[in-house]
Amino acid sequence: MIAVLLVVVLIVVGGIHWYLWKRLVRDTTRTRRARIIGSVIAVLLALVIPATLALSRVLPHSRQAIVAWPGFLWLALMFYLLVTLLILEVPRLAIRLWTHRSRPGVAAPAVPDGDVEESTAFAAEPPPAPVAADPAFDAGRRLLLGRSLAVTAGVLSASAVGIGVYQAMSAPNLKHVPIRLAKLPASMDGFRIAVVSDIHLGPLLGRSHTERIVRMINSVDADLVAVVGDLVDGSVAELGAAAEPLQDLRGKHGSFFVTGNHEYFSGYQEWVDEVNSLGVRVLRNERVDVLGLDLAGVNDLSGKDVGDGPDFGKALDGRDPARPVVLLAHQPIQAHDAARHGVDLQLSGHTHGGQMVPFNLLVGLQQPIVAGLGTVDGTQVYVTRGAGFWGPPVRFGAPPDISIVELHGA
């Protein structure tokens, strides 16, 4: 399976780099020496991505950042170069058509004023042949066009990646989100839930990342803390120390966690035990009472592959329908099942808000809500963009956030 995946990656990456070579090397160079140098660089860059993926699986966790930083940064830059150059194909085609029509040459002379006989006599004479276009002139135009568009793509792509790295490594935004629940007891009006997701501890995000998130959450003195999955990208042995600051989370009525898909790639059972040991209760297809509100949590859909999938019946059946229920579920798509069980509000993450525009358009094809508050089959769903990143250390157009959900009666 891994071998097949590697072959697919090589084919896709090879095709993209061939296109980048065509636009950034072939179309911008005049000498054989420059083209050879550019070709060698293109081949080496094409090998960086599969090498990063392969080395990340075999290197010790402490050394993975050495390959992760350059590999994932080039992956992000490659993506934006591809997108920008594809968009620039439109003006490229328009300019080529315009320059083709305006090639230098001699046009046929107009018929001079005069009587019909003179005009007829003039028309009978064959027009002079147009002067052939200068090949050197056309080549110069193509070179200028190629270089201009390559520079444009390079500047725009580098700017997007630079801004994205800054946003990804900066502190998450604190978003205050008021949400109304019809069944909310009057005594709970203004109840605040600090929602954080997709922390993604791993080679590029460590203990300081967790400490900053805990500091920010504690600064708002929330009534309850909800960590809705994708805490880690690695084992407890590798990342236990990085997750340890979670023990300092302060919520007046507790801190809770549900699994995300990445926990199932990282030894989920060990992480369930570890998170519980830090004082953050893991809700595994179960619910608890919080001041007359049912707080439920279900496992992520990825758990199905290992017999640990979501069980909405176990978490929600038999409860008093007059009580409001807030569900913690990693993926927004789980709201379809939540709605069938009468959930009033689902809190989710998973999407990263797309992480890198225009990926948000693709995410929207799979998930009913990409970011923010929406409704799925009558159930309100709030999706946080998450506090970390996965893969490239870039968040462009989708800055990280920690959401403070404030509940109010209808």
Side-chain angles (χ1 to χ4, degrees), residues 2 5 9 48-76 79 161 164-172 196-216 227-247 249 257-275 278 280 282 300 302-303 330-331 349-356 359 384-396 398-402:
I2 295 176
L5 179 62
V9 169
V48 163
I49 294 173
T52 298
L53 298 178
L55 290 173
S56 295
R57 299 180 65 88
V58 299
L59 285 177
H61 184 267
S62 59
R63 296 186 179 181
Q64 289 178 12
I66 298 173
V67 297
W69 268 109
F72 285 127
L73 279 177
W74 170 242
L75 177 62
F79 169 72
V161 172
V165 170
Y166 175 78
Q167 288 189 331
M169 303 307 294
S170 296
V196 64
S197 181
D198 301 281
I199 295 173
H200 283 294
L201 298 175
L204 303 181
L205 293 172
R207 186 183 180 98
S208 62
H209 179 55
T210 314
E211 290 173 339
R212 180 170 63 186
I213 290 170
V214 170
R215 259 193 328 269
M216 293 180 68
V227 184
V228 286
D230 278 8
L231 171 64
V232 292
D233 288 304
S235 67
V236 171
E238 295 169 330
L239 297 170
E244 192 176 31
L246 291 177
Q247 67 187 354
L249 278 172
F257 176 81
V258 290
T259 55
N261 54 309
H262 282 249
E263 273 70 60
Y264 292 98
F265 310 146
S266 306
Y268 76 95
Q269 189 57 62
E270 282 190 339
W271 275 113
V272 167
D273 296 338
E274 181 70 13
V275 172
L278 296 174
V280 180
V282 183
D300 184 66
S302 297
H330 180 59
Q331 298 193 40
H350 183 63
T351 67
H352 299 203
Q355 185 165 323
M356 295 165 54
F359 267 124
T384 172
R385 290 192 297 250
F389 55 80
W390 183 76
V394 176
R395 297 197 65 142
F396 182 68
D401 71 54
I402 296 169

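Distance CG/Asp198 to CG/Asn261: 8.0 Å, rounded to 0.5 Å. Here the CG-NE2 distance, from Asp230 to His330, works out to 3.5 Å after rounding to the nearest 0.5 Å. Atoms OG and NE2, on Ser197 and His352 in that order, are 7.0 Å from each other to the nearest 0.5 Å. Put simply, NE2 on His61 and OG on Ser235 are 8.0 Å apart, with the number rounded to the nearest 0.5 Å. In this structure, CD on Glu244 lies 12.0 Å from CG on Leu201, to the nearest 0.5 angstrom. Rounding to the nearest 0.5 angstrom, the gap separating the CZ atom in Phe396 from the CZ atom in Phe359 is 13.5 Å.
Minimum heavy-atom separation, Pro400 to Ser170: CG-O, 4.3 Å. Minimum interatomic distance between Ala387 and Ile213 (heavy atoms only, all atoms of both residues): CB-CD1, 3.7 Å.
Glu263 contributes a side-chain N or O that, together with a main-chain N or O of Gly260, makes up a donor-acceptor pair within less than 3.5 Å. When atom types are taken as modelled, the side chain of Trp271 and the backbone of Tyr264 share no donor-acceptor pair closer than 3.5 angstrom. Under a 3.5 Å cut-off, the side chain of Gln355 and the backbone N or O of Pro392 do form a donor-acceptor pair. Not one N or O on the side chain of Thr210 forms a donor-acceptor pair closer than 3.5 Å with the backbone of Ala243. Side-chain N or O atoms of Arg385 include one that pairs as donor or acceptor with a backbone N or O of Pro399 at under 3.5 Å. Under the 3.5 Å distance criterion, the side-chain polar atoms of His209 are matched with a main-chain donor or acceptor of Ile199. Looking only at distances, a side-chain donor or acceptor of Gln64 sits under 3.5 Å from a matching main-chain atom of Leu59. At least one donor-acceptor pair under 3.5 Å links the side chain of Arg395 to the backbone N or O of Gly388.
For the side-chain contact (heavy atoms from CB on, under 4.5 Å) criterion with Leu231, the lone passing option out of Leu239, Val275, Thr259 is Val275.
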Under the side-chain contact (heavy atoms from CB on, under 4.5 Å) rule, what do Val58 and Leu55 come out as? Steps first, then yes or no, please.
-> CA-CA 5 Å; Val58 299; Leu55 290 173; 4.2 Å; yes
Would you please test Val258 and Asp300 for side-chain contact (heavy atoms from CB on, under 4.5 Å) and show each step?
-> CA-CA 8 Å; Val258 290; Asp300 184 66; over 6 Å; no
Apply the test side-chain contact (heavy atoms from CB on, under 4.5 Å) to residues Val394 and Phe389: give CA-CA distance (whole Å), side-chain angles for both, the deciding distance (0.1 Å), then the verdict.
-> CA-CA 7 Å; Val394 176; Phe389 55 80; over 6 Å; no
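By the 6.0 Å contact criterion, CH2 on Trp390 is open, its count of non-hydrogen atoms from other residues, nucleotides or ligands being 12 or less. At most 12 non-hydrogen atoms from other residues, nucleotides or ligands lie less than 6.0 angstrom from CZ of Arg63. Heavy atoms of other residues, nucleotides or ligands lying less than 6.0 angstrom from CZ of Phe265 number more than 12.
Side-chain atoms of Thr384 and Asp401 form a donor-acceptor pair, as typed in the model, at a separation below 3.5 Å.
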